[in-house]
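See structure below.
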Amino acid sequence: PSPNDMRSAANAWLQYAKKIEDKSNDYGATRDALIKANGGTTDLGTIAACEAAVCREMSIFGSLSFSELGYTTRVVTGDIGGGGHAWIEFLDPKTNQVIGLVDNNYTRKFYSNPADYYRETGAVPRSYTTVAKPGH
């Protein structure tokens, strides 16, 4: 997919994610209650259906969605402003270099230059997880 396609897909994802995150200010508490009610775990579909996702679940869900569209992505977890956070990096499938980034709730933006995101937010990546690869 082209860079313009990647930007369009990311912007569509941001609109979807915003609807979930704007539903309630207590989505973290709702998510925690769902997990507790299910013995310490619950599936991503339940969290999304109840609109109770936090940045980590939204990034996993977004990464899966982008994979279905043919993009190679990974979920990054780290710290911003002293708190934990998660976001999505788009990777070049041939070089594995980061070619784009989307953050669905801290900045609510797509970055064609990921260095701009790290400079703007002061984000410190801690771990990287490939959720799914295109075609799998």
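One hydrophobic cluster, built from ILVMFWY side chains closer than 4.5 Å, cannot hold both V131 and V98; they sit in different ones. Linking Ile, Leu, Val, Met, Phe, Trp and Tyr residues whenever their side-chain heavy atoms come within less than 4.5 Å places M58 and L14 in a single cluster. I80 and V54 fall into different hydrophobic clusters, where Ile, Leu, Val, Met, Phe, Trp and Tyr are joined by side-chain heavy atoms under 4.5 Å apart, directly or via other members.
Annotation: side chain to side chain contact (heavy atoms under 4.5 Å, CB included) contacts of T130 (sequence neighbours excluded): R74, K133. Looking at residues two or more places apart in sequence or on another chain, you find no side chain to side chain donor-acceptor pair (under 3.5 Å) involving D92. For R56, the side chain to side chain donor-acceptor pair (under 3.5 Å) criterion is met by no residue, not counting sequence neighbours. For D79, the side chain to side chain contact (heavy atoms under 4.5 Å, CB included) criterion is met by R126, not counting sequence neighbours. Under the side chain to side chain donor-acceptor pair (under 3.5 Å) criterion, Y118 pairs with W87, E89, sequence neighbours left out. By the side chain to side chain contact (heavy atoms under 4.5 Å, CB included) test, P93 is found to be paired with T72, residues two or more places apart in sequence or in another chain being considered. Residues that satisfy the side chain to side chain contact (heavy atoms under 4.5 Å, CB included) test with A37, not counting sequence neighbours, are absent from this structure. Partners of Y111 according to the ring pair (Phe, Tyr, Trp, His ring centres under 6.0 Å) rule, which considers only residues two or more places apart in sequence or in another chain, are Y117. Here T95 pairs with nothing under the side chain to side chain donor-acceptor pair (under 3.5 Å) rule; sequence neighbours left out. Every residue meeting the salt bridge (Lys or Arg N to Asp or Glu O under 4.0 Å) condition with K109, not counting sequence neighbours, appears here in chain and number order: E120.
Counting all heavy atoms, side chain and backbone alike, V75 lies closest to S59 at CG2-O, 3.5 Å. Nearest heavy atoms, A86 versus C55: N-SG, 3.4 Å. Nearest heavy atoms, S67 versus P134: OG-N, 3.4 Å.
In this structure, T129 and T77 have side chains that are not in contact, with every pair of non-hydrogen atoms separated by 4.5 Å or more. At a threshold of 4.5 Å between non-hydrogen side-chain atoms, the residues L91 and I99 do not count as touching. Put simply, the side chain of F110 reaches to within 4.5 Å of the side chain of N11, judged on heavy atoms. Side-chain atoms of T121 and Y106, non-hydrogen and from C-beta on, do get closer than 4.5 Å to each other.
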Mind running side chain to side chain contact (heavy atoms under 4.5 Å, CB included) on I88 and V76 for me, showing each step along the way? CA-CA 6 Å; I88 302 167; V76 183; over 6 Å; no
Side chain to side chain contact (heavy atoms under 4.5 Å, CB included) between Y16 and N104, worked out:
CA-CA 9 Å; Y16 173 77; N104 57 273; over 6 Å; no
- [ ] Check the pair N105, H85 against side chain to side chain contact (heavy atoms under 4.5 Å, CB included), reporting the backbone distance first and the verdict last.
- [x] CA-CA 9 Å; N105 75 352; H85 190 51; 2.7 Å; yes
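To the nearest 0.5 angstrom, T73 atom OG1 is 8.0 Å from L64 atom CG.
Between the side chains of D5 and S2, at least one donor N or O sits under 3.5 Å from an acceptor N or O.
In this structure, the side chain of S65 engages the main chain of F61 through a donor-acceptor pair within 3.5 Å.
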Between side-chain atoms of residues 39-47 and protein atoms elsewhere (two or more places apart, or another chain), which donor-acceptor pairs fall under 3.5 Å?
unit_1	atom_1	unit_2	atom_2	d
T42	OG1	N38	ND2	3.2
D43	OD1	G45	N	3.1
D43	OD1	T46	N	2.8
D43	OD1	T46	OG1	3.1
D43	OD2	T46	OG1	3.0

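Within the hydrophobic cluster formed by Ile, Leu, Val, Met, Phe, Trp and Tyr side chains joined at under 4.5 Å, directly or through other members, V124 stands alone, with no partner residue.
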